[in-house]
Amino acid sequence: MTVWYALAERLRRAGHAVDWMDGHAEWRCPDCFGHLRFHRVGDGVVARCVTDCRGDPGGRGERIWEAIADRYTAAFDDDADAAALRGRWW
Ligand SMILES: [Zn+2]
């Protein structure tokens, strides 16, 4: 999943139309790889583990974006672009 979204981000930044890629890799809990449930909170969205595997109802989105940023940096060696991903929580 993180590879897919890192690639999509790279292609998006190169000017390609890649919105279609967002629907082809399912976001999973970074702890148990289980499904996530998405809750609207204020103006944003929080991704919570369906099984609450760690007894922590907090969102998983920020950690997922961190993993995507790490993958992006490892694959493309571009910290400036990866830094923009690290600030995301959804
Ligand atoms: Zn989980």
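Values in this document were obtained by computation on a predicted structure and should not be read as measured data.
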Open item on the list: As a quick check of understanding, evaluate ring-ring contact (aromatic ring centres under 6.0 Å, His included) for W27 and W65, giving each step before the final call.
Closed with: CA-CA 10 Å; W27 286 56; W65 280 112; 5.3 Å; yes
Task: Derivation of the side-chain contact (heavy atoms from CB on, under 4.5 Å) call for L36 and R60 - done: CA-CA 8 Å; L36 297 173; R60 304 296 200 268; 4.0 Å; yes
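- Counting all heavy atoms, side chain and backbone alike, A47 lies closest to F38 at CB-CE2, 3.5 Å.
- Following chains of ILVMFWY side-chain contacts shorter than 4.5 Å, one cannot reach V46 starting from V50, and the two form parts of different hydrophobic clusters.
- Heavy-atom neighbours of R37 CZ from other residues, nucleotides or ligands within 6.0 Å: at or below the threshold of 12.
- Side-chain N or O atoms of W4 include one that pairs as donor or acceptor with a backbone N or O of M21 at under 3.5 Å.
- Nearest heavy-atom pair across A6 and I68 is N-CG2, 3.9 Å.
- Between R12 and E9 a salt bridge is recorded (basic side-chain N to carboxylate O distance below 4.0 Å).
- Listed by chain and residue number, nothing satisfies the salt bridge (charged side-chain N to carboxylate O under 4.0 Å, His left out) test with D56 (two or more places apart in sequence, or in another chain).
- A distance of 14.0 Å separates OH in Y72 from OG1 in T2, rounded to the nearest 0.5 Å.
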Open item on the list: Could you go through C29 and R63, starting from their C-alpha distance and side-chain angles, then the distance that decides it, and tell me whether this counts as side-chain contact (heavy atoms from CB on, under 4.5 Å)?
Closed with: CA-CA 9 Å; C29 174; R63 289 182 43 217; over 6 Å; no
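- D52 CG to D31 CG: the interatomic distance, rounded to the nearest 0.5 Å, is 10.5 Å.
- The line from OH of Y5 to CD1 of I64 is 9.5 Å long, rounded to the nearest 0.5 Å.
- When the side chains of ILVMFWY residues are joined at heavy-atom separations under 4.5 Å, either directly or via intervening members, M1 and W20 end up in a single hydrophobic cluster.
- With sequence neighbours excluded, the residues satisfying side chain to side chain contact (heavy atoms under 4.5 Å, CB included) with V3 are R71.
- To the nearest 0.5 Å, the span separating CZ on R28 from CZ on F33 amounts to 10.0 Å.
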